[in-house]
Chemist: 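Handing you a structure now.
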Amino acid sequence: MSVAAARAAIAARLISVTDIGVVHAYERYASDLARLKQLYFSISHNQVRGWYVRRVQTSETGNILSNTVEHIRWRIVGLMALDDANASELVFDSLIEGVRNAFAADETLGGTVDQCAVPDPSGNSESCIQLDDAGPVMFGGVLCHAARLSLNTIRYLERS
């Protein structure tokens, strides 16, 4: 499988989470705040509620001619409009847990990767998706909750 297939599988896994909102397979940008807000606005939730996937690192180890291990670190970012009176942080935290559970269900992302973990012979490796940071941000002129998650994918490549 390819890097593009892994990216598509990550986006599909996000979409499978109930009430996730808008999901983009890549980080969307706009030159003005109104357009940026529109890109991540969920009509069904009537609020900014969106996610995107970005590849932040790729490395390879092993013998380039036969047994190569490709390690990709993905960044997954979620945003949701903040509404303190309605305890929106709890709703957003529930979405984060939904994402974590969705990725724990299949560490091969439907066979697009060999595993979602950092190989470590000591057994102390990260596995599945990790929540790296969460907190309030201004996004598209809207006060939002934001979460930054990371996911490591491993593919064993055979090159000849």
Side-chain angles (χ1 to χ4, degrees), residues 1-31 36-37 39-42 48-80 82 89-140 144-160:
M1 292 292 197
S2 66
V3 172
R7 179 188 295 269
I10 293 167
R13 189 63 48 94
L14 288 169
I15 290 167
S16 76
V17 176
T18 303
D19 286 328
I20 196 76
V22 177
V23 174
H24 298 289
Y26 63 98
E27 187 173 5
R28 300 293 309 270
Y29 291 99
S31 59
L36 182 62
K37 175 183 170 184
L39 288 170
Y40 292 87
F41 190 85
S42 170
V48 170
R49 188 184 286 214
W51 297 75
Y52 67 82
V53 177
R54 181 178 359 132
R55 179 170 61 156
V56 295
Q57 181 185 20
T58 301
S59 61
E60 290 186 12
T61 58
N63 183 333
I64 199 76
L65 296 177
S66 60
N67 298 314
T68 302
V69 179
E70 176 194 72
H71 171 210
I72 298 178
R73 189 157 183 93
W74 300 91
R75 167 98 9 93
I76 298 158
V77 175
L79 301 149
M80 188 181 93
L82 196 151
E89 181 178 349
L90 301 178
V91 173
F92 190 63
D93 201 45
S94 179
L95 284 175
I96 293 168
E97 290 308 301
V99 168
R100 291 182 65 237
N101 290 337
F103 280 87
D106 174 17
E107 80 164 317
T108 70
L109 297 175
T112 60
V113 299
D114 290 296
Q115 65 186 46
C116 290
V118 178
D120 182 353
S122 70
N124 294 323
S125 65
E126 280 186 6
S127 64
C128 202
I129 196 164
Q130 306 294 313
L131 173 62
D132 297 324
D133 187 35
V137 299
M138 287 299 294
F139 181 83
C144 290
H145 301 284
R148 189 177 55 158
L149 300 99
S150 58
L151 178 70
N152 292 299
T153 59
I154 303 298
R155 290 189 314 147
Y156 300 101
L157 308 176
E158 291 192 23
R159 294 189 171 125
S160 53

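Sequential numbering from 1 along the given sequence is applied to the chain's residues. The structure presented is a predicted model; accordingly, all values stated were derived computationally and were not measured.
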Chemist: Can you name the closest pair of heavy atoms from Thr153 and Val113 and give their distance?
Modeler: CB-CG1, 3.7 Å
Chemist: Could you work out, with side-chain contact (heavy atoms from CB on, under 4.5 Å) as the rule, every residue matching Thr58, not counting sequence neighbours?
Modeler: Arg55, Glu70, Ile72
Chemist: For Ser150 and Trp74, does a side-chain donor sit closer than 3.5 Å to a side-chain acceptor?
Modeler: no
Chemist: I'd like to check the side-chain contact (heavy atoms from CB on, under 4.5 Å) partners of Ala5; sequence neighbours left out, ordered by chain and number.
Modeler: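 By the side-chain contact (heavy atoms from CB on, under 4.5 Å) rule, Ala5 matches Met1, Ser2, Thr112.
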Chemist: Please give me the minimum heavy-atom distance between Gly78 and Phe92, naming the atom from each residue.
Modeler: O-CZ, 3.5 Å
Chemist: Any side-chain heavy-atom pair from Met80 and Val91 closer than 4.5 angstrom?
Modeler: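 Sidechains of Val91 and Met80: in contact.
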Chemist: Considering only distance and modelled atom types, tabulate donor-acceptor pairs under 3.5 Å from the side chains of residues 98-105, sequence neighbours left out.
Modeler:
{"unit_1": "Arg100", "atom_1": "NH1", "unit_2": "Glu97", "atom_2": "OE1", "d": "2.7"}
{"unit_1": "Arg100", "atom_1": "NH1", "unit_2": "Glu97", "atom_2": "OE2", "d": "3.4"}
{"unit_1": "Asn101", "atom_1": "ND2", "unit_2": "Glu97", "atom_2": "O", "d": "3.3"}

Chemist: Leu109 vs Cys116, test: side-chain contact (heavy atoms from CB on, under 4.5 Å). Steps then yes/no.
Modeler: CA-CA 8 Å; Leu109 297 175; Cys116 290; 3.9 Å; yes
Chemist: Quick check: closest heavy atoms across Pro136 and Leu82, and the distance to 0.1 Å?
Modeler: CB-CD1, 4.2 Å
Chemist: Measuring only between side-chain heavy atoms, which start at C-beta, is Ile76 closer than 4.5 Å to Leu14?
Modeler: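 They are in side-chain contact.
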Chemist: Please give me the minimum heavy-atom distance between Arg49 and Ile20, naming the atom from each residue.
Modeler: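 Nearest heavy atoms, Arg49 then Ile20: CG-O, 3.4 Å.
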Chemist: Within this structure, what is the CZ-CZ distance for the pair Arg73 and Arg54, rounded to the nearest 0.5 Å?
Modeler: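 Spacing of CZ (Arg73) from CZ (Arg54) equals 12.5 Å.
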Chemist: Do Asp114 and Thr108 make a side-chain contact, defined as non-hydrogen atoms from C-beta onward lying under 4.5 Å apart?
Modeler: no
Chemist: Would Leu151 and Ile10 count as a side-chain contact (heavy atoms from CB on, under 4.5 Å) here? Give the steps.
Modeler: CA-CA 9 Å; Leu151 178 70; Ile10 293 167; 3.9 Å; yes
Chemist: My understanding is that only residues two or more places apart in sequence, or in another chain, count here; which of them pass side-chain contact (heavy atoms from CB on, under 4.5 Å) with Val22?
Modeler: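 Here the qualifying residues are His24, Ser42.
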Chemist: Any salt bridge (Lys or Arg N to Asp or Glu O under 4.0 Å) involving residues 6-24? Give me the pairs, sequence neighbours left out, ordered by first then second residue.
Modeler: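 Qualifying pairs: Arg13-Asp106.
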Chemist: I'd like to check Leu157 versus Glu60 (side-chain heavy atoms, cut-off strictly below 4.5 Å). Are they in contact?
Modeler: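 They are in contact (side-chain heavy atoms under 4.5 Å apart), so the answer is yes.
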Chemist: Check Tyr29 against Leu39 and note the closest heavy-atom contact, atom names and distance.
Modeler: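 Residues Tyr29 and Leu39, closest heavy atoms: O-CD1, 3.4 Å.
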Chemist: Please report whether the ring centroid of Tyr52 lies less than 6.0 Å from that of Tyr26.
Modeler: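 So the answer is no for these two rings.
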Chemist: Any chance CD of Glu107 has more than 12 other-residue heavy atoms, nucleotides or ligands included, within less than 6.0 Å?
Modeler: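 Counting other residues, nucleotides and ligands, CD of Glu107 exceeds 12 neighbours.
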Chemist: Evaluate side-chain contact (heavy atoms from CB on, under 4.5 Å) for Tyr40 paired with Val23, printing each intermediate quantity in order.
Modeler: CA-CA 8 Å; Tyr40 292 87; Val23 174; over 6 Å; no
Chemist: Check the pair Asn152, His71 against side-chain contact (heavy atoms from CB on, under 4.5 Å), reporting the backbone distance first and the verdict last.
Modeler: CA-CA 7 Å; Asn152 292 299; His71 171 210; 2.8 Å; yes
Chemist: Do you know the tightest heavy-atom contact between Cys144 and Phe139?
Modeler: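 Cys144 and Phe139 have their closest heavy atoms at SG-CB, 4.1 Å.
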Chemist: Please name all residues satisfying side-chain contact (heavy atoms from CB on, under 4.5 Å) with Asp93, sequence neighbours left out, ordered by chain then number.
Modeler: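 Once residues adjacent in sequence are excluded, the partners of Asp93 under the side-chain contact (heavy atoms from CB on, under 4.5 Å) criterion are Ile96.
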